[in-house]
There are 2 protein chains.
Amino acid sequence: MYYSTRFILLYGVNNLSYRISEFADKCRVNKETIRYYERKNLLQEPSRTNSGYRTYSEDDVKRVGFIKRMQELGFSLNEIYKLLGVVDKDEIRCQDMFEFVSKKEEEVKKQIEDLKRIERMLKDLKKRCPDEKELHECPIIEALIED
Amino acid sequence: MYYSTRFILLYGVNNLSYRISEFADKCRVNKETIRYYERKNLLQEPSRTNSGYRTYSEDDVKRVGFIKRMQELGFSLNEIYKLLGVVDKDEIRCQDMFEFVSKKEEEVKKQIEDLKRIERMLKDLKKRCPDEKELHECPIIEALIED
DNA sequence: ATAAACCGTGTACTATAGTACACGGTCAAG
DNA sequence: CTTGACCGTGTACTATAGTACACGGTTTAT
């Protein structure tokens, strides 16, 4: 029993599935970025249509969302790859997961504390901008430079 | 009245001052990174000895410390350059400082919230590592992938 | 006085994270 | 049955943030 690609795309025998361009749009990234993530194994080999076109699912959209969010928080693609070992149930990547996660937890804690200080600095900086617009003298950063 | 470089370095007529290598060591960065920051105007033209050697002060050490800390928190060198406009009392860089700082403040706030969620995720992930060591199934990241 | 240890300049190279593009195949509409 | 909008592969290019190195001058210890 065969279905045309169009039929599958429209009625989702195989669930709802996207071609690379639509998928990239949904993920709000460049099409090439998707291929790049595939090369880096952040996305597993996608299934393909008969003619070799990649197809993606809603789950893949979530996965890219996870990658992007982690990345914005300073995780490198390699670190994200490592974490995804859990999702992919990959024993190799899971081997020293406890150490890895513990280390990252410490880093994240420290980062939160540092960011709170930066937030205070930025607030102060804003307050001192005369008539809420400009300033040439602001000793707050200098305070942060000390320490 | 002239002093030898050695005399100045030892007895600090001009305050305590460092040559590039010692300075880089104190800052815990590569010597080339210092020159790179100079090229990118993150460090102002340093004063020089008669023979053209760069000399740095304790304040410069603090400045590099500031750069490094901001960088670790996800600020780009360009953004740090902008912020340093305040310290350098540079009117051009200070022009839209209020908008810039406001935008960064929002970003930092969001980042703190996101990091807290990541922290929870990492904590959960750790807890679920059987006998505090390994695991192949961890539904927490999956939870984060959703949302 | 001479070698070791610095320094300056300039240029090239590296890693990370993409982005662009050329060339050729596929497919659906007119 | 051809045109336009896709797609795949491969390769090259970009920005950011460094890092390394060669060549030649300086300083300092021996």
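Letters A, B, ... mirror the listed sequences (proteins, then strands); counts begin at 1. All values below were derived from every heavy atom in this structure, side-chain atoms included, with hydrogens, water molecules and symmetry-related copies excluded.
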Participant: Which residues within residues 29-39 of chain A lie with some heavy atom under 4.0 Å of an atom in DNA chain D?
Facilitator: A:Arg35

Participant: Distance-only criterion, 3.5 Å: show the donor-acceptor pairs between side-chain atoms of residues 71-83 of chain B and protein atoms not counting sequence neighbours.
Facilitator:
unit_1: B:Gln71; atom_1: OE1; unit_2: B:Lys68; atom_2: NZ; d: 3.0
unit_1: B:Ser76; atom_1: OG; unit_2: B:Asn78; atom_2: N; d: 3.4
unit_1: B:Ser76; atom_1: OG; unit_2: B:Glu79; atom_2: N; d: 3.2
unit_1: B:Glu79; atom_1: OE1; unit_2: B:Ser76; atom_2: N; d: 3.0
unit_1: B:Glu79; atom_1: OE1; unit_2: B:Lys104; atom_2: NZ; d: 3.3
unit_1: B:Glu79; atom_1: OE2; unit_2: B:Lys104; atom_2: NZ; d: 2.9
unit_1: B:Lys82; atom_1: NZ; unit_2: B:Arg93; atom_2: O; d: 2.7
unit_1: B:Lys82; atom_1: NZ; unit_2: B:Asp96; atom_2: OD1; d: 2.5

Participant: Can you check the A:Leu77 CG to C:dA17 P distance for me, whole Å?
Facilitator: 4 Å

Participant: Taking only N and O in the side chain of A:Arg48, is any of them less than 4.0 Å away from OP1 or OP2 of D:dT9?
Facilitator: yes

Participant: Roughly how many Å is it from CD in B:Glu45 to C1' in C:dT9, rounded to a whole number?
Facilitator: 13 Å

Participant: Residues in salt bridge (charged side-chain N to carboxylate O under 4.0 Å, His left out) with B:Arg28, at least two apart?
Facilitator: none

Participant: Determine whether the side chains of B:Thr55 and B:Ser47 contain a donor N or O and an acceptor N or O closer than 3.5 Å.
Facilitator: yes

Participant: Check the phosphate of D:dG18 against B:Gln71, side-chain N and O only, distance under 4.0 Å to OP1 or OP2. Yes or no?
Facilitator: yes

Participant: Measure the distance from CD1 on B:Ile20 to P on D:dT27 and round it to the nearest whole Å.
Facilitator: 16 Å

Participant: Expressed in angstrom and rounded to an integer, what is the separation of B:Tyr81 atom OH from D:dT16 atom C1'?
Facilitator: 17 Å

Participant: How close or far is atom C1' of D:dG18 from atom CZ of B:Arg28, stated in whole angstroms?
Facilitator: 19 Å

Participant: Any salt bridge (Lys or Arg N to Asp or Glu O under 4.0 Å) involving residues 36-46 of chain B? Give me the pairs, sequence neighbours left out, ordered by first then second residue.
Facilitator: B:Glu38-B:Arg48, B:Glu38-B:Arg54

Participant: Over how many whole Å does the gap from A:Asn78 atom CG to C:dG18 atom P extend?
Facilitator: 12 Å

Participant: Could you list the residues that satisfy salt bridge (charged side-chain N to carboxylate O under 4.0 Å, His left out) with A:Lys103, not counting sequence neighbours?
Facilitator: none

Participant: Quick one: do the B:Glu58 and B:Tyr18 side chains pair a donor with an acceptor below 3.5 Å?
Facilitator: yes

Participant: Could you give the CD-to-C1' distance, from B:Glu22 to C:dC6, as a whole number of Å?
Facilitator: 12 Å

Participant: Can you sort out the partners of B:Asp25 under side chain to side chain contact (heavy atoms under 4.5 Å, CB included), two or more places apart, ordered by chain and number?
Facilitator: none

Participant: From NZ of A:Lys68 over to C1' of C:dT16, roughly how many Å is that when rounded to an integer?
Facilitator: 12 Å

Participant: Starting from the 5' end of DNA chain D, give me the residue, B:Ile67 or A:Ser21, whose nearest nucleotide shows up first.
Facilitator: A:Ser21

Participant: Taking the side chain of A:Ser51 as its heavy atoms from C-beta onward, which of D:dG8, D:dT27, C:dC27 lies nearest to it?
Facilitator: C:dC27

Participant: Where the side chain of A:Ser76 is concerned, which of D:dT27, C:dG18, C:dA17 is the nearest nucleotide?
Facilitator: C:dA17

Participant: Would you say D:dC7 has OP1 or OP2 under 4.0 Å from some side-chain N or O of A:Arg54?
Facilitator: no

